[in-house]
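Each ligand, and each atom within it, is numbered from 1 in the order the structure gives.
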Amino acid sequence: MPAAAHFYPQGAELQRKNYIGRKVNKTELHIEPKAFDLEKIRRDFPILGLQVHGKPLCYLDNAATTQKPQAVIDSLVQYYSSMNANIHRGVHHLSEVSTKAFEDARIKVKSFINASSEKEIIFTRGTTESINLVANSFLRGRFEDGDEVIITGMEHHSNIVPWQLFDSIKKIKLRIVPVDDNGELILDDFEKMINEKTKLVSVVYVSNSLGTINPVEKIISAAHKHNVPVLLDAAQAIQHIPVDVRKLDCDFLAFSGHKIYGPTGIGILYGKEKLLDELPPFLGGGDMISKVTFNGTTFNQLPYKFEAGTSNIADAIALGTAIDYVAGIGIDAISSHETEILEYASAKVAEVPGLKIIGTAKNKSSVLSFIFDNIHPHDVGTFLDFEGIAVRTGHHCTQPIMDRFCIPATTRASFAMYNTKEEVDILVRGLKKITEVFN
Ligand code: PMP
């Protein structure tokens with residue numbers, strides 16, 4: 001028994017060390033993009049062949065979640081049919097295979113966002129959990145009563161509520177960067193908002209309700225002048241534009257797997273190693289410890305310090321597959337295709353009588369939000385559904401920006417790499433029909 005008790009944790013430790021910091025052959029995980037072939041891409045996504053209410057599915061709700069290519073679906077099936085085992089703790093074959101696949105997925109994420117080390121890549125459930133992780137670690141390690149966090153007027157609720165949840169423990173003041181009528185940040189006074197109480201700037205990279213791409217480089221360099229770290233909510237950036245954490249010099253970056261053609265329930269928190277090292281863990285439990293006694297616990301090394309309990313192994317591996325898929329198409333090619341679709345759609349919807357676009361920033365990505373004076377967005381969404389068109393209606397979990405525009409909701413069409421100009425035409429025909437019916 002004593003021998004086994006010693007052998008087991010050492011085995012697990014060895015297994016970890018094999019992966020974190022190991023030298024990976026550059027060509028092993030490197031993927032060269034192929035030519036952008038829209039028809040082939042569409043064939044890769046089986047769900048796009050569906051009929052809805054007797055009409056071909058026209059899926060324009062990609063900001064809510066993206067569809068999955070066959071490779072991602074296969075990856076999940078393959079994991080459960082040939083690899084399933086718990087990771088890090090086993091010394092048997094299946095555990096080694098699944099550990100390797102899981103840690104390879106981490107390396108793929110690291111390469112994709114150009115992080116310096118796998119230690120900086122934490123698997124979470126998604127953007128929401130990633131932001132909550134930072135908020136809770138700051139609560140335990142850095143915040144004092146009256147400290148301030150700067151956010152913007154266009155944040156998703158997941159970058160507002162976590163800071164408010166501490167109210168009964170510590171009072172954190174939120175300072176809000178205002179938004180102009182086009183949906184662009186008013187940054188004139190941004191630097192003046194930073195003071196000795198400012199502990200973090202936490203901003204959305206691309207707005208999910210307006211489509212604005214925020215000038216995050218400018219925000220980061222201004223915050224760093226005052227030694228304030230910056231968290232980027234990249235939930236709507238990672239799938240649309242190249243994201244290079246070293247070039248951006250952001251301190252934290254959060255995104256969700258399901259927005260980048262991967263599964264739900266898996267996401268990433270990137271953090272600079274030095275900061276992650278300094279912060280206390282968020283959740284306690286198995287895998288995040290080095291030694292536990294009834295008197296206290298020492299924590300595991302990065303990234304495991306922040307990954308308590310059994311991870312979402314299959315979905316992490318499938319996220320790696322999704323990243324391979326995106327890298328195989330090329331984020332630059334995806335970005336330019338989506339820009340073309342957005343520009344085409346923005347021009348086309350202008351033909352629809354009574355339609356007003358909400359969010360007209362110069363620098364936009366893949367989101368077209370709009371309203372009608374006399375037709376409620378929910379009626380628009382329901383009507384379009386009968387035409388086989390999936391759009392999102394509501395406040396998009398961004399109620400403060402709806403208040404800013406004095407509207408309760410918008411209809412939002414959001415585009416992905418597989419959308420076509422024909423689908424935009426279908427949307428516009430549907431919208432024209434609605435105005436005929438309602439007027
Ligand atoms: N931030 C933004 C900008 C988003 O669009 C979303 C998802 N709509 C989130 C955060 C939250 O992502 P998740 O629900 O996957 O955690």
Side-chain angles (χ1 to χ4, degrees), residues 59-68 72 109 122-136 149 151-165 174 176-177 179 183 185 201-214 216 219 230-241 243 250 252-270 282-283 312 315-316 318-319 322-323 338 358-359 361 363-369 390-402 404 409-416:
Y59 187 76
L60 303 177
D61 192 17
N62 295 286
T65 198
T66 52
Q67 299 301 346
K68 318 304 167 202
V72 168
V109 174
I122 317 286
F123 283 115
T124 64
R125 279 196 306 131
T127 310
T128 303
E129 187 176 295
S130 298
I131 298 174
N132 275 273
L133 190 164
V134 175
N136 279 276
V149 174
I151 61 172
T152 78
M154 63 174 87
E155 297 305 321
H156 189 276
H157 295 164
S158 60
N159 193 24
I160 304 172
V161 185
W163 313 106
Q164 296 172 333
L165 277 180
L174 286 178
I176 317 295
V177 180
V179 177
L185 292 178
V201 173
S202 187
V203 298
V204 69
Y205 197 160
V206 176
S207 155
N208 64 311
S209 45
L210 307 173
T212 313
I213 303 178
N214 286 317
V216 292
I219 293 173
V230 180
L231 183 157
L232 294 183
D233 168 355
Q236 300 293 341
I238 194 77
Q239 67 282 48
H240 298 305
I241 55 177
V243 171
C250 57
F252 301 101
L253 181 127
F255 70 89
S256 303
H258 70 102
K259 311 268 190 197
I260 182 166
Y261 311 101
T264 52
I266 190 78
I268 296 295
L269 174 68
Y270 157 82
F282 167 35
L283 298 172
N312 188 352
D315 292 317
L319 171 59
I323 281 175
E338 290 173 348
I358 302 293
N363 201 8
K364 273 187 71 170
S365 167
S366 289
V367 167
L368 193 62
S369 253
V391 291
R392 177 56 58 107
T393 60
H395 53 63
H396 317 295
C397 296
T398 54
Q399 279 177 338
I401 196 66
M402 296 293 122
R404 157 69 184 79
T410 72
T411 302
R412 179 186 72 187
S414 53
F415 308 106

Undergrad: Relative to the heavy atoms of Gln236, which atoms of ligand 1 are at a distance of less than 4.0 Å?
TA: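 Counting atoms of ligand 1 from 1, those under 4.0 Å from Gln236 are 3 (C), 4 (C), 5 (O).
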Undergrad: Are any non-hydrogen side-chain atoms of Leu283 and Leu133 less than 4.5 angstrom apart?
TA: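 Result no, sub-4.5 Å side-chain heavy-atom pair not found.
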Undergrad: Quick one: nearest non-hydrogen protein atom to atom 16 (O) of ligand 1, plus distance?
TA: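 Minimum-distance protein heavy atom for atom 16 (O) of ligand 1 reads Thr128 OG1, 2.6 Å.
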Undergrad: Would you mind listing which atoms of ligand 1 come within a distance below 4.0 Å of any non-hydrogen atom of Val204?
TA: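 Contacts of ligand 1 toward Val204, numbered from 1: 3 (C).
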Undergrad: Quick one: does His258 get a heavy atom under 4.0 Å from ligand 1?
TA: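 Yes, His258 has a heavy atom closer than 4.0 Å to ligand 1.
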Undergrad: Counting distance only, does the side-chain N/O of Asn363 pair as donor-acceptor with the main-chain N or O of Asn214 below 3.5 Å?
TA: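 Such a contact is absent between Asn363 side chain and Asn214 backbone.
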Undergrad: What distance do His156 atom NE2 and Thr127 atom OG1 have between them, rounded to the nearest 0.5 Å?
TA: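 The OG1 atom of Thr127 is 8.0 Å from NE2 of His156, to the nearest 0.5 Å.
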Undergrad: Quick test: of every protein heavy atom, which one is nearest to atom 4 (C) of ligand 1, and how far off is it to 0.1 Å?
TA: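 Protein heavy atom with the smallest distance to atom 4 (C) of ligand 1: His156 CD2, 3.4 Å.
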Undergrad: Would Ser158 count as a contact of ligand 1 if the rule is a heavy atom under 4.0 Å away?
TA: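 The answer is yes, since Ser158 has a heavy atom less than 4.0 Å from ligand 1.
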Undergrad: If we only consider heavy atoms of Lys259, is any one of them less than 4.0 Å away from an atom in ligand 1?
TA: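 Checking ligand 1 against Lys259, which is what was asked, there is a heavy-atom contact under 4.0 Å.
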Undergrad: Taking atom types as modelled, find out whether Thr212 and Ser207 have a side-chain donor-acceptor pair closer than 3.5 angstrom.
TA: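 No - no donor-acceptor pair under 3.5 Å links their side chains.
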Undergrad: For atom 1 (N) of ligand 1, what's the nearest protein heavy atom and its distance?
TA: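 Heavy-atom neighbour on the protein nearest atom 1 (N) of ligand 1: Asp233 OD2, 2.6 Å.
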Undergrad: Determine whether more than 12 heavy atoms belonging to other residues, nucleotides or ligands lie under 6.0 Å from atom CZ of Arg125.
TA: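 At most 12 heavy atoms, drawn from other residues, nucleotides or ligands, come within 6.0 Å of this atom.
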Undergrad: Nearest 0.5 Å please: distance from the OH atom of Tyr205 over to the CD1 atom of Ile241.
TA: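 One finds 4.0 Å between OH of Tyr205 and CD1 of Ile241.
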Undergrad: Give the numbers and elements of all ligand 1 atoms closer than 4.0 Å to a heavy atom of Ser256.
TA: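 Near Ser256, the atoms of ligand 1 are 12 (O), 13 (P), 15 (O), 16 (O).
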Undergrad: Ring centroid separation for His157 and His396, is it under 6.0 angstrom?
TA: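 Not close enough - the centres of the two rings lie 6.0 Å or further apart.
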